[in-house]
There are 2 protein chains.
Amino acid sequence: MAKLPKPGQPVRGSRSGAPIMALFDLLGRRWAMGVLWTLSEGGAMTFRELQDRCETISPSVLNQRLGELKQAGFVTRSARGYVPTPLGERIYRHLVPLGDAARDWSDILDQSDPV
Amino acid sequence: MAKLPKPGQPVRGSRSGAPIMALFDLLGRRWAMGVLWTLSEGGAMTFRELQDRCETISPSVLNQRLGELKQAGFVTRSARGYVPTPLGERIYRHLVPLGDAARDWSDILDQSDPV
DNA sequence: TAGCGCGCTATGAAATCCGTAGCAACGATT
DNA sequence: AATCGTTGCTACGGATTTCATAGCGCGCTA
């Protein structure tokens with residue numbers, strides 16, 4: 001099992017553990033950003049609900065990602081289910097403009113390379 | 001070999017291919033964000049130089065990520081080496097504030113959980 | 001006590017990633 | 001012309017990660 005990336009300690013991709021590299025290690029795991037995104041968009045939700053919204057995630061990976069996100073302090077568990085922490089919300093807010101860029105990307109691909 | 005995620009087509013994580021999910025699929029592969037980041041920070045550079053800066057990346061993975069980023073239109077190859085495209089630059093600019101958040105994250109961890 | 005939904009774990013196969021070695025092409029040097 | 005160094009990558013085998021599916025133990029309700 002891969003250990004949790006922590007800024008300041010060697011992570012996959014950086015011996016120095018530059019914070020951004022630690023974050024990339026964490027968020028660059030399959031589904032990590034998708035989970036944070038879904039959770040931030042949808043508000044508090046249960047494990048199963050999250051699983052449904054993520055369409056194709058397997059429970060083992062969801063559980064693992066949730067554990068990592070919890071340990072990293074991006075997600076926590078409230079009475080009504082999993083929710084992003086303020087720190088998690090902040091990361092999410094930086095992810096939002098990526099959604100806009102993604103839409104433009106989609107438009108560009110449509111123009112240059114219609115299916 | 002995993003196929004290139006394209007918005008509008010089913011990707012890992014979304015049957016509908018919502019642009020953001022296609023982007024998450026692409027960027028959520030090991031080293032994808034790190035490569036884009038390194039390239040944007042350092043300007044045009046050769047394969048080997050990129051490999052050096054990424055410290056621990058293997059050439060096979062670097063080559064694969066570069067191919068994906070090229071196909072996605074985020075990176076291209078100029079006379080002086082690999083460079084991000086305008087679209088790639090744009091993604092990068094949205095990644096920058098994540099670096100700030102990562103530093104704060106690092107500070108928080110230092111306070112709450114000193115090694 | 002039977003049925004339900006819940007959070008999650010177990011398992012085994014498939015995909016991905018890794019480090020290392022090394023090849024072919026090129027230009028500069030001897 | 002033979003050698004050298006650099007570059008962009010590919011081959012390979014093993015380690016890790018992700019996957020789909022099945023199902024367990026719990027608490028609640030009827």
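Please read all numbers here as calculations on a predicted model, not as lab measurements. Chain A is the first sequence line, chain B the second, and so forth, proteins listed ahead of strands; every chain is numbered from 1.
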J.: Tell me whether the side-chain N/O atoms of A:Arg77 come closer than 4.0 Å to OP1 or OP2 in C:dC8.
T.: yes
J.: Test of understanding: with side-chain hydrogen bond (donor to acceptor under 3.5 Å, both in side chains), list the residues that count as partners of A:Thr76, not counting sequence neighbours.
T.: none
J.: Mind checking what makes salt bridge (Lys or Arg N to Asp or Glu O under 4.0 Å) contact with B:Glu89, not counting sequence neighbours?
T.: none
J.: What residues in residues 38-47 of chain A put a non-hydrogen atom under 4.0 Å from any atom of DNA chain C?
T.: A:Thr46, A:Phe47
J.: Taking ring pair (Phe, Tyr, Trp, His ring centres under 6.0 Å) as the definition, give me every residue that meets it alongside A:Tyr82, ordered by chain and number, with sequence neighbours left out.
T.: none
J.: Please enumerate all residues that pass salt bridge (Lys or Arg N to Asp or Glu O under 4.0 Å) together with A:Asp100, with sequence neighbours excluded.
T.: A:Arg103
J.: Can you list everything that forms a side-chain hydrogen bond (donor to acceptor under 3.5 Å, both in side chains) with A:Thr46? Sequence neighbours excluded, please.
T.: none
J.: Please report the distance, rounded to the nearest Å, between CG in A:Asn63 and C1' in C:dT11.
T.: 15 Å
J.: Which protein N or O atoms sit under 3.5 Å from an N or O of nucleotides 19-22 of chain C?
T.:
{"residue": "C:dG19", "atom": "OP2", "partner": "B:Thr56", "partner atom": "O", "Å": "3.0"}
{"residue": "C:dG19", "atom": "O6", "partner": "B:Ser60", "partner atom": "OG", "Å": "3.3"}

J.: Nucleotides 26-28 of chain D: which of its N/O atoms have a protein N/O under 3.5 Å away?
T.:
none

J.: Assign each of B:Glu49 and A:Val61 to its nearest nucleotide of DNA chain D by heavy atoms, then name whichever residue's nucleotide is nearer the 5' end.
T.: B:Glu49
J.: Considering residues at least two apart in sequence or located in another chain, which fulfil the side-chain hydrogen bond (donor to acceptor under 3.5 Å, both in side chains) criterion with B:Ser58?
T.: B:Ser60
J.: Atom CD of A:Gln64 to atom P of D:dT17: distance rounded to whole Å?
T.: 8 Å
J.: Check whether any side-chain N or O of A:Arg65 sits under 3.5 Å from a backbone N or O of A:Val35 as a donor-acceptor pair, and report yes or no.
T.: no
J.: Please list all pairs meeting ring-ring contact (aromatic ring centres under 6.0 Å, His included) that have one or both residues in residues 32-67 of chain B, counting only residues at least two apart or in different chains.
T.: A:Phe24-B:Trp37, B:Trp37-B:Tyr92
J.: Which residues pass the side-chain hydrogen bond (donor to acceptor under 3.5 Å, both in side chains) test with B:Arg90, not counting sequence neighbours?
T.: A:Asp104
J.: C:dT16, OP1 or OP2 - any side-chain N/O from B:Arg29 closer than 4.0 Å?
T.: no
J.: Tell me every residue that passes salt bridge (Lys or Arg N to Asp or Glu O under 4.0 Å) with A:Glu49, counting only those two or more places apart in sequence or in another chain.
T.: A:Arg53
